[in-house]
S.K.: 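Could you have a look at this structure, given as structure tokens, before my questions?
As the structure lists them, so they are numbered: ligands from 1, and atoms in each ligand from 1.
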Amino acid sequence: MILVVGAGVAGLSCALAALAAGADVELVTPGRIFPDADRLAGGNTALAQGGVAAAIGAGDRERAHLADTITAGAGLVDREAAAQLTADGAGAVRALIQAGLGIDRGPDGLPELGLEGAHGAARIVHAGGDRTGAVLHAFLSDRVRDAAAVGRLRLTEGAHVESLVRDAGAVTGAVLRGPGGVRSTRRAAAVVLATGGYAGLFPGTTNHAGARGTGVLLAARAGALLADLEFVQVHPTVLHVAADGTGELVSEAVRGAGAVLRDGAGTRFMVGRHPLADLAPRDVVSREIHRVLRERGETEVWLDATGIERAGGAGALAREFPGISATVAARGLDWAREPIPVAPAAHYTMGGVACDLDGRTSVPGLFAAGEVASTGVHGANRLASNSLLEGLVWGAAVGRAAATDRGGWEHRGRGFAELLSAAAVAVPEAAAHAAGSAAATVFADPAGGGVSATTAGSTVAETAVGSGPEASADARTQSATAVTAAISAGLGIERDAGGLRAAATVFERHSGDAAALAALVCAAAAARRESRGSHQRADCAETDPAQAQRRPLRLTLRTAGPHGLAAAAGAAAAVGSAREPASAAAAPSPVPESVRSLSSC
Ligand code: SIN
């Protein structure tokens, strides 16, 4: 039996491919896809606006899509993975259209293809205007629901995976926690994590509330290698009307259709900053907005879509972007007549569980697909609308591989082999679960009491609070607030050594999954002493050609964590072939070396 965890585009595609290959499948989702999908099951997939990138237009070429993907990825894209994405992706999208996916079509009946940032051609397939993710999710959910209805697939809703079961170094199942907190164990020939990314940890985010990296931690605690965690993509245009930075995405497709960005004085600040101006890669546009906001002392820039309405006639915006138009109107704004306020927010995580071209992790029996995985396909910055595509391509690849696996656990792809042979950054579990430990004093404010982190114009002050399972609800809320503030201050658009160090200290003082994952991201960001793609270091502003490689990261576990989540000592070192200092696993220092020795570039 193959256990697929997650019901977004990757999980659904995986389940369907595994079924088609003759496997028994159980799909587990914290939400509900039967009979109607809810937002928890749809996750970020159902929220996706822009579309699916695929070179299916007349005159477009897969190799052109590949070239754009590689350019956006700022020197870190795994070429084999990206070639698989663009070639298999075009086939997958054609197959979906043939199977009846209700995409938007032009007057000639052909797929209407949109343009988005850093694409050299209009190749974004969309549906329902700006509701592509919801349409695609409903389409795939229907097929899974049909399979469940005739007993071909077991669907477990309202459940999440608490831990992975391991035998002799391989993942052989999972412990589920279902409705009412009831636990049960599933044995499986393969477990597939399709649980999404961790951009939901950031206070300003476009993500679904469940996107908090649970799958990354499950895999890390089972000993799997992680990679590229430092690369967190910030989307440039999120409607900025709430003081806490939360807001709805305004798709890049809007700029693709002709909208432009202006500062508070009405100036088009992207012109002259990049040859593609407003349609530069996302990391470039987000950084420019960050610069403008800092220079002008403002909290938002302006997205001017009025030209789309003028060119297309009255109602053009509402026709092309019905979902965003409704959101904008609900906020009392009229974007057909005036620019709307926008600001960047965390959107997508390129990092995750290191996987090969078939989604195999470094731990036998454990696969990952979609945003939870890090195949290197996006490098340091994902190209617009390549994420749904990734879910389709790797969902299917993993489903096929898991269904036909005969236990050999052979990896496919040069990039993954290189990653396995590279020295891993070792991060002790204690780094995120060391409330009161000596580690917390390493970077503590010598004046005592709290820790103060200042980076890129923001400050977080934190005092140690009880945060373990025994802590009061108030203490837990305080702890969550401190961790979120440290994520924002230390891991935002612009990072530096001081900010990372201070954030690490906060993460060490608090227990819980958010602190644990943030500590991992912090260690990865500290280890990359350069600026590249979505990872920008104010103190290491240049891109360093000598660091143009991905870096594995491994969590080293202590015997018992505050929530009983940590596995047996040394378990992390039991599988995988990445080199790792033996001492790190045997006697973990609470603070990862990458953070401790963090000083210059
Ligand atoms: C958007 O519509 O701008 C988001 C699509 C994506 O994240 O690729």
Side-chain angles (χ1 to χ4, degrees), residues 8-10 42-54 65 68-69 72-73 82 85-86 89 93 103-104 112-119 122-137 196-200 202 205-208 211 231-239 247-261 276 278-286 289 303 305 308 317 320-325 327-328 340 342-350 370-371 377-379 381-393 533-534:
V9 58
N44 282 338
T45 293
L47 297 181
Q49 296 178 350
V52 189
H65 185 186
D68 290 344
T69 299
L85 177 83
T86 50
V93 171
I103 61 160
D104 298 331
E112 188 179 66
L113 299 172
L115 182 66
E116 287 188 3
H119 282 277
R123 62 169 72 97
I124 314 301
V125 179
H126 49 92
D130 53 11
R131 295 182 173 127
T132 311
V135 173
L136 177 61
H137 188 252
Y198 49 90
F202 286 74
T205 180
T206 63
N207 278 218
H208 181 270
F231 297 113
V232 177
Q233 182 173 77
V234 170
H235 196 291
T237 56
V238 174
L239 194 58
E248 290 87 357
L249 183 67
V250 181
S251 175
E252 200 157 300
V254 177
R255 274 175 287 133
V260 296
L261 287 160
L276 294 173
D278 299 272
L279 284 175
R282 269 178 203 173
D283 59 325
V284 176
V285 180
S286 295
I289 295 177
L303 182 69
I308 300 175
L317 280 168
E320 263 191 74
F321 304 107
I324 303 170
S325 294
T327 301
V328 168
I340 54 171
V342 292
H347 181 60
Y348 183 89
T349 44
M350 274 69 75
E371 194 173 348
V377 71
H378 305 303
N381 176 52
R382 175 175 64 79
L383 184 66
S385 285
N386 267 357
S387 53
L388 289 178
L389 190 69
E390 176 190 24
L392 288 170
V393 168
S534 63

S.K.: Any chance the rings of Tyr348 and His378 have centres within less than 6.0 Å?
M.R.: yes
S.K.: Measure across Ser286 and Pro344 and return the closest heavy-atom pair with its distance rounded to 0.1 Å.
M.R.: O-CG, 4.2 Å
S.K.: What pairs with Thr86 under side-chain contact (heavy atoms from CB on, under 4.5 Å), at least two apart in sequence or on another chain?
M.R.: His65, Leu66, Thr69
S.K.: State whether the side chain of Thr237 and the backbone N or O of Val342 hold a donor-acceptor pair below 3.5 Å, judged by distance alone.
M.R.: no
S.K.: Any side-chain donor-acceptor pair under 3.5 Å between Thr206 and His347?
M.R.: yes
S.K.: Distances for all N or O pairs of ligand 1 and the protein under 3.5 Å?
M.R.:
{"from": "ligand 1", "atom 1": "2 (O)", "to": "Gly50", "atom 2": "N", "distance (Å)": "2.9"}
{"from": "ligand 1", "atom 1": "2 (O)", "to": "Ser251", "atom 2": "OG", "distance (Å)": "2.6"}
{"from": "ligand 1", "atom 1": "3 (O)", "to": "His235", "atom 2": "NE2", "distance (Å)": "2.8"}
{"from": "ligand 1", "atom 1": "3 (O)", "to": "Glu252", "atom 2": "N", "distance (Å)": "2.7"}
{"from": "ligand 1", "atom 1": "7 (O)", "to": "Arg282", "atom 2": "NH1", "distance (Å)": "3.0"}
{"from": "ligand 1", "atom 1": "7 (O)", "to": "Arg282", "atom 2": "NH2", "distance (Å)": "3.3"}
{"from": "ligand 1", "atom 1": "7 (O)", "to": "His347", "atom 2": "NE2", "distance (Å)": "2.6"}
{"from": "ligand 1", "atom 1": "7 (O)", "to": "Arg382", "atom 2": "NH2", "distance (Å)": "2.8"}
{"from": "ligand 1", "atom 1": "8 (O)", "to": "Arg282", "atom 2": "NH2", "distance (Å)": "3.1"}
{"from": "ligand 1", "atom 1": "8 (O)", "to": "Arg382", "atom 2": "NH1", "distance (Å)": "2.8"}
{"from": "ligand 1", "atom 1": "8 (O)", "to": "Ser385", "atom 2": "N", "distance (Å)": "2.6"}

S.K.: So does Gly128 get a backbone contact from the side chain of Asp104, meaning a donor-acceptor N/O pair under 3.5 Å?
M.R.: yes
